[in-house]
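To start, the structure itself, in structure tokens.
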Amino acid sequence: GEDVEQSLFLSVREGDSSVINCTYTDSSSTYLYWYKQEPGAGLQLLTYIFSNMDMKQDQRLTVLLNKKDKHLSLRIADTQTGDSAIYFCAESYTDKLIFGTGTRLQVFP
Amino acid sequence: GAVVSQHPSWVICKSGTSVKIECRSLDFQATTMFWYRQFPKQSLMLMATSNEGSKATYEQGVEKDKFLINHASLTLSTLTVTSAHPEDSSFYICSARDIRGQGIEQFFGPGTRLTVL
């Protein structure tokens with residue numbers, strides 16, 4: 001089966017970097033994604049990475065992929081209070097997305 | 001662009017009634033839409049894949065007679081929760097894939113919160 005695991009909670013100080021980790025099981029995933037969900041809202045795609053890439057950077061976001069260990073991470077530089085949300089990683093599995101358990105990021109001043 | 005809407009955004013109903021939730025792609029056409037369910041503080045669980053003009057494909061453990069899905073056009077899919085019970089209370093989210101795209105991205109609606117009394 002496919003399982004995507006994340007740590008449940010992360011607390012960081014405003015201005016610091018946040019690193020959210022994810023492990024997945026399906027080595028045949030073509031794309032891996034990071035989504036952000038604010039309270040009571042749907043999901044916003046932050047970024048995605050193709051499985052043959054090791055790293056992707058997009059402004060404050062850096063995605064690292066270790067395909068050998070099936071480990072994905074999202075680094076948010078200069079974390080702001082507006083970044084407080086739940087972050088989900090997801091892997092593509094056939095035609096579907098399999099979501100991780102979600103990491104709640106809390107940013108304090 | 002790539003906006004997906006859901007209606008209603010929240011609904012409260014009595015046990016035993018049916019509730020219809022609409023998912024619309026506003027500025028693109030979607031041959032495929034997905035329906036997810038999210039319990040409080042949990043992840044999204046895929047319920048079914050909805051294909052325009054054909055029957056939906058349900059995930060294991062999802063009752064197709066209870067969660068009726070209709071994808072009658074390239075911009076609209078509906079989910080009907082029949083004979084709702086309190087355990088059906090949840091946050092229902094749809095997503096849509098652009099017919100023109102490579103299928104990389106699913107665009108998500110804002111979700112519908114269902115409370116069954």
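The chains referred to below are lettered A, B, ... by the order of the sequence lines, with proteins before strands, and numbering in each begins at 1. The structure presented is a predicted model; accordingly, all values stated were derived computationally and were not measured.
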Checklist entry - If two hydrophobic side chains count as joined below 4.5 Å and joins carry through other members, does B:Met47 share a cluster with B:Leu44? => result no
Checklist outcome for this item: Applying a strict 4.5 Å limit to non-hydrogen atoms, the region of B:Leu46 in contact with chain A is side chain
Next on the checklist: Please rank B:Ser9, B:Gly111, B:Pro110 by heavy-atom pairs under 4.5 Å with chain A and give me the top one.
Outcome noted: B:Pro110
Next on the checklist: Surrounding NE2 of A:His71 (heavy atoms of other residues, nucleotides or ligands, distance under 6.0 Å), is the total greater than 12?
Outcome noted: yes
Checklist entry - Of the backbone (N, CA, C, O) and the side chain (C-beta and beyond), which part of B:Gln6 lies under 4.5 Å from a heavy atom of chain A, both, or neither? => result neither
Checklist outcome for this item: Within residues 74-96 of chain B, contacts to chain A at heavy-atom distances under 4.5 Å involve B:Phe91, B:Ile93
Checklist entry - So if you build clusters from Ile, Leu, Val, Met, Phe, Trp, Tyr with side-chain heavy-atom gaps below 4.5 Å, do B:Leu114 and A:Leu43 land together? => result no
Checklist entry - Taking everything shown except B:Lys66 itself, do over 12 heavy atoms lie less than 6.0 Å from its NZ? => result yes
Item to check | Qualifying residues under side chain to side chain contact (heavy atoms under 4.5 Å, CB included), relative to A:Arg75, sequence neighbours excluded | outcome: A:Ser17, A:Val19, A:Thr62, A:Ala77
Item to check | Single hit among B:Phe107, B:Tyr36, B:Phe108 for ring pair (Phe, Tyr, Trp, His ring centres under 6.0 Å) with A:Tyr35 | outcome: B:Phe108
Item to check | Atom of B:Gln42, atom of A:Phe88 and distance for their closest heavy-atom approach | outcome: O-CZ, 4.1 Å
Checklist entry - Looking at CZ of A:Phe99 and CE of B:Met45, how far apart are the two atoms once the value is rounded to the nearest 0.5 Å? => result 11.0 Å
Item to check | Joint hydrophobic cluster, B:Trp35 plus A:Leu97, side-chain heavy atoms closer than 4.5 Å | outcome: no
Next on the checklist: Is there a path of hydrophobic side-chain contacts, each under 4.5 Å between heavy atoms, that joins A:Tyr48 and A:Leu64?
Outcome noted: no
Residues 100-109 of chain A, side-chain donor-acceptor partners within the protein, below 3.5 Å, at least two apart:
residue, atom, partner, partner atom, Å
A:Thr101, OG1, A:Gln6, N, 3.1
A:Thr101, OG1, A:Gln6, O, 3.3
A:Thr103, OG1, A:Gln6, NE2, 3.0
A:Thr103, OG1, A:Ser7, O, 2.5

Checklist entry - B:Leu117: which other cluster members, linking ILVMFWY side chains closer than 4.5 Å, directly or transitively? => result B:Trp10, B:Ile12
